[in-house]
Amino acid sequence: MSDSTTNRIADRPAILGGKPARANGPPGWPRRDERVDAVLRSLIESGDWGRYHGEHVPALSRQLAEYHSVEQVLLTSSGTAAVELALRGVGVGSDDEVILAGYDFKANFQNVLCLRAIPVLVDVHPQTWQLDPERLAAAVTSRTKAIVASHLHGGAVPIREVRQFAEAHKIALIEDACQNPGAMIHERRAGTWGDVGVLSFGGSKLLTAGRGGAILTSRSDIAERIKRHTQRGNEAYPLSEMQAAVLRPQVEQLDELNERRCVNIVRLCLQLSDMAGLRPLQLPTNELSPAYYKVGFQYRAEEFGGLPRELFVKSLRAEGVAFDTGFRGLHLIHAKRRFRAADDLIEATRADAGMLTLHHPVLLESAEAIDEIALAVRKVRDGAAEILTRVPLG
Ligand SMILES: *Cc1c(COP(=O)(O)O)cnc(C)c1O
């Protein structure tokens, strides 16, 4: 093959038969980690993997409490269970109203319904697509019991403002940090701004045990209420010894890995800075050291020759890059009788249609891997017209 032919194949989008920018595809998760291997081996040797009680659950709980500077950490079977328990912990019950963003994790909405309370949806901010504190005043009624603020897609809710609002109105604040454990917002860890914070240890998350979650709080009344619900002579929402054991070394490395992810995101966004159709939701600033999980971008098809978001995702996947669409807008997938919309939710509707996410494992790879992602995006942009005519959607 001549050089020019090789170049043409390298430049051609993989979805049209060119060479994928990342031939090995997206890296798996969790990564192989010798510290996790070692702890698993020791559990096998001691037989402790099968025990109800051991050292790991209390040790992880202490480790997370220290790391976050909170009084109490309750470990749970999932982040979803942790959000439910947090809602119970702040006393949410029948006919209470709970404010959350119209663009949020679906289980947060379902958890509110689970307690026979009413989700009240507020719009997200046009630039960051995170819960917008400006929208809270119009959403509050005498029945408002709590606000659930979720930091999503590497961004951060202006949580200091949300907290001020919640305090002024005597409303509980639940901070969902499932997607950004270890992030620093105004010099304080994500998950420690609310009356209760929540973490997830689900299989795709930055800290993973396949499943699991945690509740962070310094309010003993809330912790006691949650324990009354979960401790029934037996533990109703437990995290196992084996799960806790594999999490401990991950917590130790969290800051270092979050930093590496940040460096790579900054590199990627610098390379994509001429791409008006792919705007990062939030980059690191003096006030924010993000933790990147599914990194969010605002996608604008007009800037990609009219390439629909779904085709962009399909094309990038063919290049070996794990882009995906985001969540559905909560107001668009639930019957109107299930919730109250506090405003027009225009930005949540835009986020539903335009959110693009990049899965995090690649952010621990080399600088070259990051450059390959940028190359893949460029190939797809330049080949958009041909992709549109030749690749069926769906
Ligand atoms: C993952 C996640 C949760 C909890 O998920 P689980 O799989 O139940 O641990 C909650 N909120 C957000 C925003 C999440 O991304």
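Atoms within a ligand are numbered from 1 in the order they appear, just like the ligands themselves. Computation of the quantities below employed the complete heavy-atom set of this structure, encompassing side-chain atoms and omitting hydrogens, waters and symmetry-equivalent molecules.
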What residue pairs, at least two apart or across chains, pass side chain to side chain donor-acceptor pair (under 3.5 Å) with a residue in residues 282-292?
none
Can you find a pair of side-chain heavy atoms, one from T144 and one from H169, that are under 4.5 Å apart?
no
If you link I, L, V, M, F, W and Y whenever their side-chain heavy atoms are under 4.5 Å apart, who else ends up in the same group as W29?
L257, L364
Pairs in or reaching into residues 116-126: which pass side chain to side chain donor-acceptor pair (under 3.5 Å), with residues at least two apart or in two chains?
none
Should P58 and R62 count as side-chain neighbours, where that means a heavy-atom distance under 4.5 Å?
yes
What does the N/O contact table under 3.5 Å look like for ligand 1?
residue: ligand 1; atom: 8 (O); partner: G79; partner atom: N; Å: 3.4
residue: ligand 1; atom: 8 (O); partner: T80; partner atom: N; Å: 2.9
residue: ligand 1; atom: 8 (O); partner: T80; partner atom: OG1; Å: 2.5
residue: ligand 1; atom: 9 (O); partner: G79; partner atom: N; Å: 2.8
residue: ligand 1; atom: 9 (O); partner: S200; partner atom: OG; Å: 2.6
residue: ligand 1; atom: 11 (N); partner: D176; partner atom: OD1; Å: 3.4
residue: ligand 1; atom: 11 (N); partner: D176; partner atom: OD2; Å: 2.6
residue: ligand 1; atom: 15 (O); partner: Q179; partner atom: NE2; Å: 3.0
residue: ligand 1; atom: 15 (O); partner: K205; partner atom: NZ; Å: 3.0

In terms of ring plane angle, is the pair Y299 and F312 parallel, tilted or perpendicular, where the classes change at 30° and 60°?
tilted
